[in-house]
Amino acid sequence: MKRPVRLAVAGFGLIGREHAARIRACAEAELAAVVEPDPNAQERAAELGVPVFERLEACLRARAAEAVILATPTDLHAEQALACLEAGVPVLVEKPLAHDLPAARRVVEAAARTKVPVLVGHHRRHSPWIRAAKELLDAGVLGRILLVDALTWLAKPDDYFAPLWRRRKGGGPVLTNLVHVVDDLRNLVGEIEEVAAFASNAHRRFETEDTAVALLRFAGGALGTISVSDAVAAPWSWEHGAGENPWFPRAGEPCYRLGGTRASLALPGLVLWRHCEDGHWMSPFELVRRTVREDDPLALELRHFCRVVRGEEPPVLDAEGGFRTLSATLAVLRSAERGAPVRPEAP
Ligand SMILES: NC(=O)c1ccc[n+]([C@@H]2O[C@H](COP(=O)([O-])OP(=O)(O)OC[C@H]3O[C@@H](n4cnc5c(N)ncnc54)[C@H](O)[C@@H]3O)[C@@H](O)[C@H]2O)c1
C-alpha cells in the first residue's frame, strides 16, 4: 500500500467541501490542511481536525501539504496556481483555469518553466459516460462527426447568487457550466476554431449573463450548437442527465447528441442510432444501448491527481488544455459582446 498523498484544499466553499469529503474517503489521499479566510467556513473546516490557514502562502511556507486543490473563486485561480508552482507544489485548479486569458497564459508558462504538474478540474474527463463515448468515437463507430448539439438548461435558486462573484461578469453560467461542455466537446470532437454567440441577462438582470447560445466550428470540420441557461427548469443538462452528482435529481435524459456519417450517439445514456444499411436513411434503425460501470468522476479525478503528484501519470488535462477550454469558452462571451464570430486564441 502506497503512502497517502497529503493534500491541502484551498477554499472551503461549495466544491472545496466536496473535495475535502472525497479526500477523507480515499485511501490514496490524506487531508493535511485547509486554506480559508472566511471565519464561518473556517469554523466548519476546523471540525475536520486539520490545520486551517487563512492564506495559501502560509500553508505553502509551512510545507503543510505535498499538493494543493484550488477550490477558490475563479479570479484567484491563476495567482494561487502560480504561488503553488513557484513553491514546487503540484496543483489541481478547479475549472476554469483562470478568469481571463492573460492570467491563464501565465499559468501555462509557469507550468512549462517549473515542470510542476497542473491538473485542471474538468472532472467530466473522468466520467465513465464520457470515457465510453470517447472509446466509440476513437474506434470510428460513428464515422466522421459532422454535427453536435449540447444542452445545459438549469434552474438555480436565488440564494445561489449570494456570493457577489456569481453575479459579476465572468461569474455566470458560461464560465461556470458551459465551460464543462466546451471541454467535453474538445475532448470528444476536437479543437474549436470559431464561435458565434448570443448572450442574455433578460431574466436575472445581473451584470453577467443568465442565458447563452453559440454556434461552433471544429477544426475537423464538424459544426455544433450549444446552449446554457441557469434560469430554465428542465431535465436537459449533464447534471440531471448523468446523475453523477448526488446534489441533483437524475432525469436520465440525454443532453448531448453527436452526429456521425455512420451513426449518432445520445449521451449520457450512450444510445447509438444507426441504419441497418450503413448510412441509408430508408433502412430500418438499429439501436444499441451501452451501459457503463457508474462511478463518481470527482473521486476518480482525485485518484488521478494522486497518481499525477506521485509522478505515475501525466495530467489528463494540463494547463495548456485548460487554457484552450477557457479560450473557447471566453470566445462565447466575446462573440456575444461583439456581435461577430470569434476565433479562440491559442496558448
Ligand atoms: N468542478 C465543478 O463541477 C465545480 C463545481 C462548483 C464550483 N467549481 C469551481 O470551483 C471554484 C469555487 O466555486 P464554489 O462554488 O465552491 O465557490 P464558493 O464561493 O462556494 O467557495 C469559495 C470559497 O473560497 C474561499 N476563499 C475566498 N478567498 C480565498 C483565498 N484567498 N484563499 C482561500 N480561500 C478563499 C471563500 O471564502 C469560499 O469559502 C470556482 O472556480 C468554480 O468555478 C467547480
Side-chain angles (χ1 to χ4, degrees), residues 8-22 33-46 48 51-60 64-65 68-84 91-100 103-104 107 119-127 130 152 154 156-157 159-168 170-184 208 228 230 237-240 242 244-248 296-302 304-305 316-317 322 325-326 329-330:
V9 171
F12 201 63
L14 205 61
I15 196 72
R17 292 196 295 272
E18 293 296 318
H19 283 298
R22 280 164 181 81
V34 168
V35 182
E36 176 57 64
D38 177 78
N40 292 330
Q42 278 178 353
E43 231 171 83
R44 296 176 80 164
L48 303 179
V52 179
F53 294 87
E54 198 169 325
R55 293 185 52 80
L56 179 65
E57 290 68 19
C59 175
L60 293 172
V68 170
I69 296 182
L70 277 185
T72 48
T74 301
D75 59 356
L76 298 180
H77 288 184
E79 172 200 323
Q80 292 185 321
L82 288 172
C84 292
V91 60
L92 189 170
V93 186
E94 256 307 340
K95 48 53 59 173
L97 175 60
H99 59 292
D100 65 20
V107 181
L119 172 67
V120 183
H122 282 287
H123 61 272
R124 289 190 208 158
R125 293 255 169 180
H126 308 270
S127 159
I130 296 284
T152 307
L154 302 163
K156 296 183 188 171
D159 61 4
Y160 173 90
F161 299 95
L164 185 61
W165 71 272
R166 292 192 178 136
R167 285 173 270 153
R168 287 230 180 105
V174 170
L175 269 184
T176 303
N177 306 101
L178 198 69
V179 68
H180 284 298
V181 176
V182 169
D183 192 64
D184 289 342
T208 193
V228 67
D230 61 22
S237 64
W238 189 267
E239 285 77 356
H240 294 108
E244 286 176 333
N245 184 336
W247 293 347
F248 302 106
D296 172 10
L298 269 184
L300 293 171
E301 176 187 72
L302 171 63
H304 168 63
F305 185 49
V316 293
L317 187 71
T325 293
L326 175 66
T329 311
L330 286 172

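This chain uses plain numbering: 1 for the first residue, then up along the sequence. Each ligand, and each atom within it, is numbered from 1 in the order the structure gives.
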Set of residues that line ligand 1, where lining means a heavy atom lies under 4.0 Å from it: Gly11, Phe12, Gly13, Leu14, Ile15, Val35, Glu36, Pro37, Asp38, Ala71, Thr72, Pro73, Thr74, Leu76, His77, Gln80, Glu94, Lys95, Pro96, Gly121, His123, Trp165, Arg166, His180

Holding to salt bridge (charged side-chain N to carboxylate O under 4.0 Å, His left out), I want the full list of residues that pass it with Glu57, two or more places apart in sequence or in another chain. Arg55

Got a donor-acceptor contact below 3.5 angstrom from the Asp100 side chain to the Ala103 backbone? yes

State plainly whether the residues Asp183 and Arg124 are in salt-bridge range, i.e. N to O under 4.0 Å. no

Strictly by modelled atom types, are Glu239 and Trp247 linked by a side-chain donor-acceptor pair under 3.5 Å? no

Can you find a side-chain donor-acceptor pair between His19 and Glu94 that sits under 3.5 Å? yes

I'd like to know if Arg168 and Asp75 make a salt bridge, using a cut-off of under 4.0 Å between side-chain N and carboxylate O. no

